[in-house]
Amino acid sequence: MARRRIDPSEGESAVGAWLAGEADRRSVATAVRYALQTLTDRAPGHSVEVRVPPAGVTQVIEGPRHTRGTPPNVIETDAETFLALATGRLMWDEAVASGAVAASGQRADLGSLLPLWGPPVG
């Protein structure tokens with residue numbers, strides 16, 4: 001069964017609300033899911049699992065497919081950090097160094113794929 005895709009206008013509206021500091025809990029969840037969907041579209045594959053609990057999870061980047069147990073390449077962070085990364089308000093290396101992002105495995109690096117929107121900071 002295919003996952004329901006978030007309509008771009010709905011996703012962009014939710015991201016815009018988050019950027020403006022006006023997002024409620026539902027809008028934040030929609031923005032995260034839309035960002036995960038966009039990341040998946042840009043880097044399809046199954047070698048890295050990206051987790052943003054409780055909003056969503058996806059698998060990205062070409063490579064060996066993972067099907068059982070804990071994947072060898074996992075990235076996990078919270079919604080605020082993920083949206084900051086997706087919009088260019090936070091850089092990948094800074095997020096990992098601060099502990100805001102947990103990344104394990106040789107392929108667990110989204111630095112070249114982020115931000116999804118907006119210019120990188122710095």
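In this text the structure is predicted, and so the values were computed from the model without any measurement. Numbering starts at 1 and runs along the sequence shown.
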Report the distance from atom [atom1] of [X] to atom [atom2] of [Y], rounding to the nearest 0.5 Å.
X   : Y    : atom1 : atom2 : answer
T81 : R89  : OG1   : CZ    : 13.0 Å
L90 : E80  : CG    : CD    : 11.5 Å
R51 : Q59  : CZ    : CD    : 9.5 Å
D93 : D109 : CG    : CG    : 7.0 Å
R42 : L113 : CZ    : CG    : 9.0 Å
E12 : L19  : CD    : CG    : 11.5 Å

Counting only N and O atoms by type, is there a donor-acceptor contact under 3.5 Å from the side chain of [X] to the main-chain atoms of [Y]?
X    : Y   : result
T58  : V50 : no
S13  : S9  : no
R107 : P72 : no

If you look at every heavy atom in [X] and [Y], which pair is closest and at what distance?
X   : Y    : value
G88 : P115 : N-CB, 3.3 Å
W92 : A103 : CZ2-CB, 4.2 Å
G56 : L36  : C-CD1, 3.6 Å
P54 : R33  : O-NH2, 4.5 Å
V28 : A79  : CG1-CB, 3.8 Å
A35 : L116 : O-CD1, 3.4 Å

Legend entry - Between W117 and Y34, ring centroids under 6.0 Å: yes
Inset, instruction - Apply side-chain contact (heavy atoms from CB on, under 4.5 Å) to V101 and L110, showing your working. - result: CA-CA 11 Å; V101 170; L110 298 180; over 6 Å; no
Inset, instruction - Check the hydrophobic clustering (I, L, V, M, F, W, Y; side-chain heavy atoms under 4.5 Å; chains of links allowed) and say if I6 and V32 are grouped together. - result: yes
Inset, instruction - Treat each ILVMFWY residue as a node, draw an edge where side-chain heavy atoms are under 4.5 Å apart, and state whether V96 and L39 are in one component. - result: yes
Legend entry - Residue pair D24 / S27, side-chain donor-acceptor N/O under 3.5 Å: yes
